[in-house]
Amino acid sequence: MTTPMPRLQGIRGATTVSRNDASEILAATDELLRALIEANELAPDDIVSGLFTVTRDLDAAFPARAAEEYGWNIVALLHATEIPVPGSLPLCIRLLVHAYTTRGRAEIKHCYLRGATVLRPDRA
């Protein structure tokens, strides 16, 4: 039996915080990163890029800073603020990671934590 070749996959995640506080934003982002990496059994060299977005009510810290502190120093990172859509989930941090993995799309485990579980209860 042959081992499947790694291919680039997108892995989504989201979490929330209770207030616009730098230490809370970084801690919640670190928790999300660890959950996503563990769930998908990713090694540091598997990670290609990370796109972080936050709702407009979060400006105390860049969530991408948590990824740098986690060791993603050579990973392409981008941070953006979301448009203020009426009725959107407040105090929310979203993440899209591009990583090489042998998992197929149906096997990818997207991670939704804390209050963000309402976004995708099937993935929580």
Side-chain angles (χ1 to χ4, degrees):
M1 188 161 121
T2 61
T3 304
M5 291 294 295
R7 57 185 165 201
L8 190 62
Q9 297 284 12
I11 308 169
R12 297 182 315 272
T15 190
T16 58
V17 292
S18 63
R19 65 187 193 285
N20 185 26
D21 174 77
S23 61
E24 189 173 343
I25 291 168
L26 295 175
T29 304
D30 182 72
E31 177 186 39
L32 178 60
L33 290 168
R34 290 176 189 278
L36 191 141
I37 288 167
E38 183 179 312
N40 291 286
E41 299 175 345
L42 298 173
D45 286 345
D46 297 335
I47 309 301
V48 175
S49 65
L51 170 59
F52 294 85
T53 66
V54 294
T55 48
R56 288 192 184 246
D57 49 9
L58 294 179
D59 61 6
F62 290 114
R65 188 170 141 222
E68 291 170 346
E69 291 177 6
Y70 189 71
W72 291 13
N73 299 317
I74 60 170
V75 173
L77 301 173
L78 180 65
H79 180 268
T81 303
E82 298 173 10
I83 60 171
V85 176
S88 64
L89 185 63
L91 301 167
C92 187
I93 302 162
R94 288 182 177 82
L95 170 61
L96 173 61
V97 170
H98 295 101
Y100 283 105
T101 179
T102 57
R103 293 176 185 236
R105 286 185 190 165
E107 299 169 293
I108 295 295
K109 296 179 182 170
H110 306 282
C111 297
Y112 291 80
L113 307 176
R114 302 180 183 203
T117 59
V118 302
L119 297 171
R120 290 296 304 263
D122 59 320
R123 307 279 187 180

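What you see is a predicted model; the values in this text were computed from it and never measured.
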In chain order, what residues pass the salt bridge (charged side-chain N to carboxylate O under 4.0 Å, His left out) check against E41, with sequence neighbours excluded?
R103
Would a distance-only check, ignoring hydrogens and angles, find a side-chain to backbone donor-acceptor pair under 3.5 Å from D21 to S23?
yes
From D46 CG over to Y100 OH, what is the distance, rounded to the nearest 0.5 angstrom?
10.5 Å
Hey, could you give me the CZ/OG1 distance between F52 and T81, rounded to the nearest 0.5 Å?
13.5 Å
Keeping to residues at least two apart or across chains, list the salt bridge (Lys or Arg N to Asp or Glu O under 4.0 Å) pairs with something in residues 56-67.
R65-E69
Nearest heavy-atom neighbours spanning P63 and I25
CG-CG2, 4.0 Å
Test of understanding: with side chain to side chain donor-acceptor pair (under 3.5 Å), list the residues that count as partners of H79, not counting sequence neighbours.
none
Report yes or no: does H110 contribute a side-chain atom to a donor-acceptor pair with the main-chain N or O of I11 at less than 3.5 Å?
no
dist L32:CG -> L113:CG (nearest 0.5 Å) comes out at 5.5 Å
Table please: side-chain donor-acceptor pairs of residues 85-97 below 3.5 Å, with sequence neighbours left out.
residue	atom	partner	partner atom	Å
S88	OG	V85	O	2.9
R94	NH1	E82	OE1	2.7
R94	NH1	E82	OE2	2.8

Just grab all the salt bridge (Lys or Arg N to Asp or Glu O under 4.0 Å) pairs involving residues 22-32, residues at least two apart or on different chains.
R19-E24, D30-R34, E31-R114
Rounded to the nearest 0.5 Å, how far does OG1 of T102 lie from CE of M5?
10.5 Å
Using every non-hydrogen atom in the two residues, find where T15 and A28 come nearest and quote the distance to one decimal.
CG2-O, 3.8 Å
dist E107:CD -> N40:CG (nearest 0.5 Å) comes out at 10.0 Å
Is the OH atom of Y70 crowded by more than 12 outside heavy atoms at less than 6.0 Å?
yes
Starting from V48, can I reach V75 by hopping between I/L/V/M/F/W/Y residues whose side chains sit under 4.5 Å apart?
no
In one Ile/Leu/Val/Met/Phe/Trp/Tyr side-chain cluster, 4.5 Å: I108, L33:
yes
Any idea which heavy atoms bring L77 and W72 closest together, and the distance?
CD2-CE3, 3.9 Å
How far does OG1 of T101 sit from CZ of R7, to the nearest 0.5 angstrom?
8.5 Å
Does A27 have any side-chain contact (heavy atoms from CB on, under 4.5 Å) partners at least two apart in sequence or in another chain, and if so, which?
none
